[in-house]
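In listed order, ligands and their atoms are each counted from 1. Since this is a predicted model, take the numbers as computed values, not measurements.
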Amino acid sequence: MRPSWAEVDLGAVAHNVGLLVERAAPAAVCAVVKADAYGHGAVPVARAALDAGATWLAVALVEEAAELRADGIDAPILLLSEARPDEFADVAALDLRPTVYTPVGIAAAAATGAPLRLHLKVDTGMHRVGAAPDEALHLARSVVEDPRLELEAVWTHCAVADEPERRFTAEQLGRLDAVLAELSAAGIEVPMTHAANSAAAIAHPAARRSLVRCGIAVYGVDPSAELAGTLPLRPALTLRSEVSFVKRVAAGEGISYGLHHTFDRETTVATVPVGYADGVRRRLGLLHQQVLIGGRRRPIAGVVTMDQLMVDCGDDPVTAGDEVVLIGRQGDEAVRATEWAAALETIGYEITCAIGPRVPRRYL
Ligand SMILES: *Cc1c(COP(=O)(O)O)cnc(C)c1O
């Protein structure tokens with residue numbers, strides 16, 4: 001078997017959830033485990049998070065919830081977007097807390113005949129999904145008028161919570177509060193409200209409400225550079241491999257497809273059996289992203305190929321079988337997912353989510 005794998009430290013997940021529980025209290029912590037727990041493995045992460053004090057889970061897709069239920073996880077599961085009408089039978093069978101924001105969605109929930117607890121999502125400014133604030137009362141009424149449906153929550157999602165200096169988060173919370181006040185004036189009391197993702201849970205106390213929906217922080221990845229270090233999160237994921245092949249390459253020779261990189265001195269090149277099909281982006285080689293071998297930072301040389309990449313090891317004594325850490329810690333050195341993200345002009349989320357299904361996950 002290829003010696004490339006992602007090690008997921010469930011102790012780190014528990015540590016991070018513990019920090020979030022403490023920070024968000026009295027709000028409950030909902031661990032967001034969509035996209036296979038951002039590449040970490042949904043079922044093991046969900047169990048670790050629940051053991052560490054999270055009381056809710058959230059997913060994007062009905063089939064993601066089905067995977068958790070099939071494993072016997074019975075915690076409340078919030079479905080973050082409105083299901084299609086033909087999915088509501090499964091929503092009911094899986095006992096999910098469905099998000100709704102259209103008359104069609106509410107009618108589909110009612111048509112199941114099941115006693116569903118709905119979370120009405122209001123779009124307060126991100127403009128991805130959600131009911132417009134001026135539609136909320138009408139939708140809320142149609143929920144509470146159905147004796148089998150309960151309006152358990154009214155909620156929203158923050159667009160810029162990871163940039164704490166921007167005022168728009170307060171603006172969004174104000175729009176949410178206006179909706180809640182309007183419902184209350186109409187005699188509709190809603191037991192829960194929620195607005196915070198990880199960044200808001202960490203940095204915006206006013207967003208914490210009944211529940212905080214935390215994804216990225218659970219995995220120990222800072223939501224943004226601005227928030228780095230605000231909570232002492234521990235990265236849960238290590239991407240490891242081993243050197244598969246070593247050779248000396250002469251000065252003046254190029255390397256990898258396109259020969260985009262030319263060595264200006266004779267050097268030792270180590271080949272590592274992990275590539276862009278595993279989520280190690282091709283361009284990281286052109287950007288000279290470093291990996292850890294023998295406790296030292298060494299740059300990738302040339303483009304990353306589908307299954308393999310090459311590392312310029314200089315005159316280091318490297319041999320086949322040496323451990324390579326692409327993301328994670330080795331000795332005193334560490335490479336974080338956010339380092340790749342900065343190089344690639346993206347966010348840490350995209351890095352861990354991209355680690356493909358071909359990479360086995362091993363749990364600590
Ligand atoms: C993915 C998602 C979250 C989690 O966001 P993080 O920034 O990872 O904490 C919360 N709420 C909604 C609606 C989401 O889609």
Taking the basic N atoms (NZ, or NE/NH1/NH2) and the acidic carboxylate oxygens, is any pair closer than 4.0 Å for R297 and E339? yes
Just by distance, do the side chain of H40 and the backbone of A37 share a donor-acceptor pair under 3.5 Å? yes
If I take atom OG1 from residue T193 and atom CG from residue L180, how far apart are they, to the nearest 0.5 angstrom? 4.5 Å
For ligand 1, is there an N or O atom under 3.5 Å from any N or O atom of A217? no
Protein residue, atom and distance nearest to atom 11 (N) of ligand 1, heavy-atom basis: R213 NE, 2.9 Å
Under 4.0 Å from a heavy atom of C214: which atoms of ligand 1 are those, numbered in the order shown and with their elements? 9 (O)
Check each atom of ligand 1 against the heavy atoms of W155 and keep those under 4.0 Å away; list them by number with element. 13 (C)
Quick one about T271 and K247 (side-chain donor to acceptor, distance below 3.5 Å, no hydrogens or angles considered), yes or no? yes
Out of L20, N197, V59, I347, indicate the one that has the non-hydrogen atom closest to atom 5 (O) of ligand 1. N197
Whether the T102 and E82 side chains hold a donor-acceptor pair (N or O, under 3.5 Å, no angle test) is what I'd like checked. yes
Between R298 and V311, is there a donor-acceptor pair closer than 3.5 Å when you use the side chain of the first and the backbone of the second? no
Residue and atom name of the nearest protein heavy atom (relative to atom 9 (O) of ligand 1), distance in Å to one decimal: S198 OG, 2.5 Å
Sidechain-backbone polar pair: N16 side chain, V218 backbone, donor-acceptor under 3.5 Å: yes
Note: ligand 1 atoms sitting under 4.0 Å from heavy atoms of Y349 are 6 (P), 7 (O), 8 (O)
Which word best sums up how the rings of H194 and W155 line up, parallel for under 30°, tilted for 30 to 60°, or perpendicular for over 60°? parallel
Check this for me - ligand 1, G215, N or O atoms closer than 3.5 angstrom, yes or no? yes
Residue R128 vicinity, atoms of ligand 1 by number, heavy atom under 4.0 Å: 13 (C), 15 (O)
Out of M126, H157, K34, who gets a non-hydrogen atom closest to atom 15 (O) of ligand 1? K34
In ligand 1, the atoms that come under 4.0 Å of a heavy atom of Y38 are 1 (C), 4 (C), 5 (O), 6 (P), 8 (O)
